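The structure appears below as structure tokens.
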Amino acid sequence: MKLIQFVSKSVNRGFGAVFLFVISVSLIRFAIKSSQYTSFFMPVLIIAMAAVAAGILFCLNRAEKYLAGAALLNPSLYKRIFIALPLILLTVQIIFACSVDFTPKNDLSYICSAAENYLRLGPEHIYDDLPEYHQTYFSIYPNNHCIFMIVLGLYKISYAVTGEISNTLPIALNIAALNIAFILMCMTARIMYKPEKAVICALRGLMFTPLLTYVCIFYTDTIAMPFITGAIYLYVKFRHIRPENNSILKSASLIVMLGLLIAVGYKIKGNAVILLSAILIDMILRRRRSITEKLLYIVILAVVFVLVTAIISNAALKVLNISPEELELHKFPLVHWIMMSADGRGGYQAQDYYYTKSFEGYDAKISADLSRLGEKIKSQGFFGFMAHLVNKLAYTWGDGSFMQAYYNDCGKVFNGIVIYISQIFHFTLLTKMAESFIKRRNAPVDACTDAFFLKMCLAGLTLFLLIWEARCRYLINFFALFALI
């Protein structure tokens, strides 16, 4: 009981303060950046955006009260809303996809080029169009094996049917992934909350602009979304099985499906491991199940996760024709991303990439990266490193447009409009999440609630991105947290 109380208060109080700080730093950072190309004074911009965000939150609160009363007169109202919203979203997504001028960039461009070369010329030509420094790309980055196989499979279908290789099918799959993630989030909200609040969660979900602006960016962030959101839905469903109605077989089957979704999500986007960790902690903390049951479900979840990830990993190595020895020689160790993120903004840094690549063998890379990590921390000192973490928080959470203007060429004016709208919606969602933490800071222990489980996911994501290489798009596959907390 004391452990549960400690965890509950730590998460609610600690991360309530963290998110208030994140909002403040991000607002100021965005205003400073915007002041370079806008006529508004920085304080005016901050006040205006905060006022609009407050107005949106006020309207959502009023809408929740209105829906509670309106549903008494029209019982089918909620059902109609939950059918209409995904259809509206899908329509706008298709229009946006047809309108945007999109060309794959960075890692996605490497994956698309490699898949096309693999299909047209054979696996030995996979690196033909990649830069010289990426001639061992898939040995260095096994985290992109799964997305490569997905793109390769879609290209094969496209080539077989039309005789051409295009990004039409990957974009269609991406739109489906985004929409399925939104539907699964709505289904989760309907389990967690009263119908009127579930509708508000759905509306908040629509404020998460990557659902629209990322329709063409068929990379790991969006493709992983339905797996992460689906896993959240299954676990919330598992949590709602009452002890008196408990069926071991039913619960175990949910855990098997849960392990499958998390494993696939993890192979697509590695930060899915945060969700797995939160689920394991939540299982341990919950009082409604016996120790025997907890151990059973934890073992099932772990076994399924390990088996599925192993199967996908081995299948990818065979498709890419990479031997275990080659992988061991070129693969970057996990500490590389921690080292790379330990100074500057905490994102990708080319000099750190070349540094790690210059060492041959996995063990040599680990030793070199640990040494460089120590040097970075020592050179900054305690206060310098704390300043770095603040800068990293602002860099990770401050861009509510999620770099959409970088990935999509929609024209300067349109991109500018989207950036400001996205930023206002982003601050609104962050404020709502911070409010949820703060309201519960002195409340009785709530470790039994679904919201607390989601807060643990968000706390884990925040800590992970303080340690790991970070940028705003790494938040996208956990979009459900923005809508449900």
Side-chain angles (χ1 to χ4, degrees), residues 53 55-97 172 174-212 215 222 225-242 244-247 250-251 253-254 257-258 261 421 425 428-429 431-433 435-436 439 448-454 478-485:
I56 293 172
L57 289 173
F58 174 77
C59 291
L60 288 176
N61 288 333
R62 292 296 297 269
E64 185 175 344
K65 293 177 181 178
Y66 170 79
L67 287 167
L72 297 175
L73 301 175
N74 186 358
S76 64
L77 177 64
Y78 297 130
K79 186 177 180 180
R80 293 179 182 178
I81 291 174
F82 283 116
I83 292 173
L85 290 182
L87 293 175
I88 294 170
L89 175 62
L90 180 60
T91 302
V92 179
Q93 285 172 326
I94 293 172
I95 294 171
F96 190 89
N174 197 46
I175 292 174
L178 290 165
N179 218 274
I180 290 169
F182 177 75
I183 293 169
L184 287 167
M185 183 278 296
C186 292
M187 292 169 63
T188 308
R190 296 180 73 175
I191 296 175
M192 290 177 57
Y193 302 119
K194 292 179 180 179
E196 60 269 21
K197 187 170 182 179
V199 170
I200 299 303
C201 288
L203 294 175
R204 285 170 54 194
L206 292 177
M207 292 165 60
F208 191 76
T209 52
L211 288 176
L212 175 62
V215 289
T222 50
M225 278 175 65
F227 296 98
I228 302 300
T229 314
I232 290 173
Y233 166 73
L234 286 177
Y235 187 64
V236 170
K237 191 173 182 180
F238 168 80
R239 291 176 107 258
H240 279 252
I241 297 177
R242 296 183 178 276
E244 59 269 21
N245 300 325
N246 188 23
S247 166
K250 181 180 179 181
S251 297
S253 63
L254 284 175
M257 290 188 289
L258 178 66
L261 287 182
I421 293 173
F425 283 164
T428 304
L429 294 173
T431 302
K432 189 64 179 175
M433 289 192 290
E435 179 191 13
S436 178
K439 276 186 175 180
C448 60
T449 66
D450 300 318
F452 180 77
F453 157 65
L454 296 178
F478 278 90
F479 117 92
L481 303 181
F482 289 81
L484 295 172
I485 292 178

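Please read these numbers as outputs of a predicted model, since none were measured by experiment. One-based numbering along the sequence shown.
- Here the SG atom belonging to Cys186 is positioned 11.5 Å from the CD1 atom belonging to Ile83, to the nearest 0.5 angstrom.
- Looking at Met207 and Ile56, their side chains come closer than 4.5 Å, going by heavy atoms from C-beta outward.
- Shown here are the side-chain contact (heavy atoms from CB on, under 4.5 Å) partners of Ile191, two or more places apart in sequence or in another chain: Tyr233, Val236, Lys237, His240.
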query: Ile241 and Leu254: side-chain contact (heavy atoms from CB on, under 4.5 Å), yes or no, with the steps?
result: CA-CA 11 Å; Ile241 297 177; Leu254 284 175; 3.7 Å; yes
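- Aromatic ring centres of Phe482 and Phe479: separated by at least 6.0 Å.
- Going from atom CG of Leu454 over to atom CD1 of Ile485 covers 5.5 Å, rounded to the nearest 0.5 Å.
- Rounded to the nearest 0.5 angstrom, Leu481 CG and Ser436 OG are separated by 11.0 Å.
- When all heavy atoms of Gln93 and Leu211 are compared, the closest pair comes out as NE2-O, 2.8 Å.
- The side-chain heavy atoms of Ile200 and Leu67, taken from C-beta on, include a pair separated by under 4.5 Å.
- To the nearest 0.5 Å, the span separating CE on Met192 from CG on Leu484 amounts to 5.5 Å.
- Here the OG-CG distance, from Ser251 to Leu258, works out to 11.5 Å after rounding to the nearest 0.5 Å.
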- request: Starting from the C-alpha separation in whole Å, work towards a yes-or-no answer on side-chain contact (heavy atoms from CB on, under 4.5 Å) for Leu206 and Phe182.
  value: CA-CA 8 Å; Leu206 292 177; Phe182 177 75; 3.7 Å; yes
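- Scanning all heavy atoms of the two residues, the minimum distance from Ala480 to Ile232 falls at CB-CD1, 4.2 Å.
- Exactly one of Ile175, Leu178, Ile95 qualifies for a side-chain contact (heavy atoms from CB on, under 4.5 Å) with Leu90. That residue is Ile175.
- Under the side-chain contact (heavy atoms from CB on, under 4.5 Å) criterion, Ala483 pairs with Met185, not counting sequence neighbours.
- Pairs engaging residues 192-210 under the side-chain hydrogen bond (donor to acceptor under 3.5 Å, both in side chains) rule: Tyr78-Glu196, Thr209-Ser422 [sequence neighbours left out].
- Taking both residues in full, the closest heavy atoms of Pro226 and Leu184 are given as O-CD1, 3.5 Å, listed atom of the first, atom of the second, then distance.
- Here the closest heavy-atom approach between residue Ala202 and residue Leu85 is recorded as CB-CD1, 3.7 Å.
- Separation of atoms CD1 (Ile183) and CG (Leu87) is listed at 8.0 Å; rounding is to 0.5 Å.
- Between Thr229 and Ile180, the closest side-chain pair of non-hydrogen atoms is not below 4.5 Å.
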